[in-house]
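The model shown is predicted, which means the values in this text are computed figures rather than measured ones.
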Amino acid sequence: MKSTLPRCLTVVLALGTLAAIPAGAASYRPAPAQRVTILYDAFGNRAGLTRDWGFAALVEYGGRRILFDTGDNADIFAANVRALGIDLSRLDFAVISHRHGDHIAGIQYLLSVNPGIAIYAPTERFGVFGSSLPGSFLSPDTLLPDSLRYFDGHPPARLSFGSAWPSAHFQLVDSTIQIVPGVSVILTVSDRPGTLELRELSLAISTPRGLVLLVGCSHPGIETILEASLPIGGHVFQLIGGLHLVSTPDSAIARIAAALHDRWRIDRMSPGHCTGEAAFAELRRVFGASYLYAGLGTVLELP
Ligand SMILES: [Zn+2]
Ligand SMILES: [Zn+2]
């Protein structure tokens, strides 16, 4: 939980506490981190990490540790996590934005170090996270002989469909919800060719300056996600992640970049992943000093 003390006073008190403790004493604890670390992406300038297509980030905020997505390859994800000195056995929960392979492949590594972790994922009727439906969806025809009827005409009250990770504790999300105070997931559905009906979760962290919004691929459209975030926070302070403009015409990129700046008044722009090089260029031009680089290994300090 956020302290009610002004930050400067907190620092003074912390320094005072530090001064009162003998050198080498083990009881001093630094203030908890308030940051997002990019764990997976195909660009970045930090040495010792492996770039690859996909996205993952660790959010540390208000004493909580939340994993958002897991990248495209479990071995690369594991190597980057270890190289950054991050311990994924200590997490409050994980969020998977959507079912695409470049966001889910590292779940295998996550479960190897944290088998009991709760993983929030979008509800899909049939899909890799598993699902269930009432048996009545089979539309029974009582005139048929039993041998032609599903389950001899006696289907279970609820039919369960398998998951690609049967041991995982998926929490399937069918609407925008608050997971814990100050942390919500926003559900949107794509209406775009190629990803029609794909469901995507975006992660919203409430801060004193507004929402920090993490997006996986923004398949439903970044402005659709921003519209859906309005009931939660009203204002997005910082946008982090993939905007899926990688094959969007320049004229549409220019319109969206202008809207993010002028209409949505986003204070800090930190695009990554499938945003695309042309969109990186345009967003950097439009946002200027408010464009905060976020490649693989970047640590973004949050307010
Ligand atoms: Zn995707
Ligand atoms: Zn992606």
Side-chain angles (χ1 to χ4, degrees), residues 33-61 65-72 76-77 79-81 83-86 88 94-98 100 102-103 106 183 186 200-207 209-219 222 225-226 229 233 235-246 248 253 256-257 260-261 264-303:
Q34 312 270 66
R35 64 194 177 195
V36 171
T37 306
I38 309 298
L39 306 179
Y40 212 104
D41 212 323
F43 71 102
N45 51 20
R46 191 159 162 173
L49 302 175
T50 304
R51 291 181 288 264
D52 185 34
W53 186 262
F55 191 68
L58 177 71
V59 178
E60 296 165 277
Y61 199 76
R65 292 164 55 81
I66 304 161
L67 179 66
F68 182 74
D69 283 343
T70 63
D72 186 59
I76 294 174
F77 181 57
N80 286 344
V81 165
L84 289 163
I86 287 168
L88 291 184
V95 174
I96 298 294
S97 63
H98 66 298
H100 284 166
D102 55 331
H103 300 253
V183 181
I186 297 162
E200 183 164 336
L201 295 180
S202 306
L203 177 63
I205 312 291
S206 297
T207 80
R209 305 277 304 274
L211 291 180
V212 172
L213 188 60
L214 281 90
V215 288
C217 273
S218 304
H219 289 299
I222 185 57
I225 296 170
L226 289 166
S229 77
H235 173 68
V236 171
F237 171 71
Q238 186 163 4
L239 181 58
I240 301 168
L243 305 186
H244 206 70
L245 303 172
V246 68
T248 302
I253 290 174
I256 292 168
L260 295 177
H261 186 269
W264 295 98
R265 300 189 175 278
I266 292 169
D267 298 285
R268 291 183 183 172
M269 177 57 62
S270 302
H273 185 37
C274 53
T275 300
E277 293 181 6
F280 288 149
E282 178 66 1
L283 289 165
R284 201 168 62 152
R285 187 187 71 76
V286 168
F287 278 85
S290 303
Y291 184 105
L292 298 192
Y293 178 85
L296 172 60
T298 298
V299 177
L300 298 160
E301 298 293 337
L302 302 185

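Leu260 has its side chain out of reach of Val286: every pair of non-hydrogen atoms, C-beta onward, lies at least 4.5 Å apart. The shortest side-chain heavy-atom distance between Leu292 and Gln238 falls under the 4.5 Å cut-off. A heavy-atom distance below 4.5 Å is not found between the side chains of Val59 and Val183.
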Show the numbers, then the answer: is there a side-chain contact (heavy atoms from CB on, under 4.5 Å) between Val95 and Leu214?
-> CA-CA 10 Å; Val95 174; Leu214 281 90; over 6 Å; no

Could you please spell out the steps behind the side-chain contact (heavy atoms from CB on, under 4.5 Å) verdict for Asn45 and Tyr293?
-> CA-CA 10 Å; Asn45 51 20; Tyr293 178 85; 3.9 Å; yes

Residues Val215, Ile240; criterion side-chain contact (heavy atoms from CB on, under 4.5 Å); working and verdict | CA-CA 6 Å; Val215 288; Ile240 301 168; over 6 Å; no

Begin with the C-alpha distance, continue with both residues' side-chain angles, and end with the deciding distance and a verdict on side-chain contact (heavy atoms from CB on, under 4.5 Å) for Glu60 and Val299.
-> CA-CA 11 Å; Glu60 296 165 277; Val299 177; over 6 Å; no

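For the pair Gly48 and Ala83, the tightest heavy-atom approach, listed with the atom from each and the gap, is O-CB, 3.6 Å. Leu300 and Ala294 make their closest contact through CD1-CB, 3.9 Å (heavy atoms, listed as atom of the first residue, atom of the second, distance). The two atoms that bring Leu283 and Pro271 nearest to each other are CD1-CG, 3.9 Å, heavy atoms only. Taking every heavy atom of both residues into account, Met269 and Phe287 meet most closely at CE-CZ, 3.5 Å. Scanning all heavy atoms of the two residues, the minimum distance from Leu243 to Cys274 falls at N-SG, 4.2 Å. Here the closest heavy-atom approach between residue Tyr40 and residue Asn80 is recorded as CD1-ND2, 4.5 Å.
A 6.0 Å sphere centred on CD of Glu301 holds more than 12 heavy atoms belonging to other residues, nucleotides or ligands.
Side-chain atoms of Arg51 come within 3.5 Å of backbone N or O of Gly44 as a donor-acceptor pair. Checking side-chain atoms of Thr70 against main-chain N and O of Gly106 turns up a donor-acceptor pair under 3.5 Å. Side chain of Tyr61 to main chain of Pro303: a donor-acceptor pair is present (N/O by atom type, distance under 3.5 Å, no hydrogens or angles).
The line from CZ of Phe43 to OG1 of Thr275 is 7.5 Å long, rounded to the nearest 0.5 Å. Asp41 CG to Leu49 CG: the interatomic distance, rounded to the nearest 0.5 Å, is 11.5 Å. In this structure, CD1 in Ile86 is found 5.0 Å from CG in Leu58, a value given to the nearest 0.5 Å. The distance from the CZ atom of Arg268 to the CD1 atom of Ile266 is 13.0 Å, given to the nearest 0.5 Å. Between the CG atom of Leu84 and the OG1 atom of Thr37 there is a distance of 7.0 Å, given to the nearest 0.5 Å. The distance from the NE2 atom of His235 to the CG atom of Leu213 is 11.5 Å, given to the nearest 0.5 Å.
Residues that satisfy the side-chain hydrogen bond (donor to acceptor under 3.5 Å, both in side chains) test with Arg284, not counting sequence neighbours, are absent from this structure.
Between Phe55 and His103, the angle of the ring planes lies from 30° to 60°, which puts this pair in the tilted group.
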Give the table of side-chain donor-acceptor pairs shorter than 3.5 Å for residues 200-207, with sequence neighbours excluded, one pair per line with atom names and distance.
| unit_1 | atom_1 | unit_2 | atom_2 | d |
| --- | --- | --- | --- | --- |
| Glu200 | OE1 | His219 | N | 2.9 |
| Glu200 | OE2 | Cys217 | N | 3.0 |
| Glu200 | OE2 | Ser218 | N | 2.6 |
| Thr207 | OG1 | Arg209 | N | 3.1 |
| Thr207 | OG1 | Gly210 | N | 3.3 |
| Thr207 | OG1 | Gly210 | O | 2.7 |

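Less than 6.0 angstrom separates the ring centroid of Trp53 from the ring centroid of His273.
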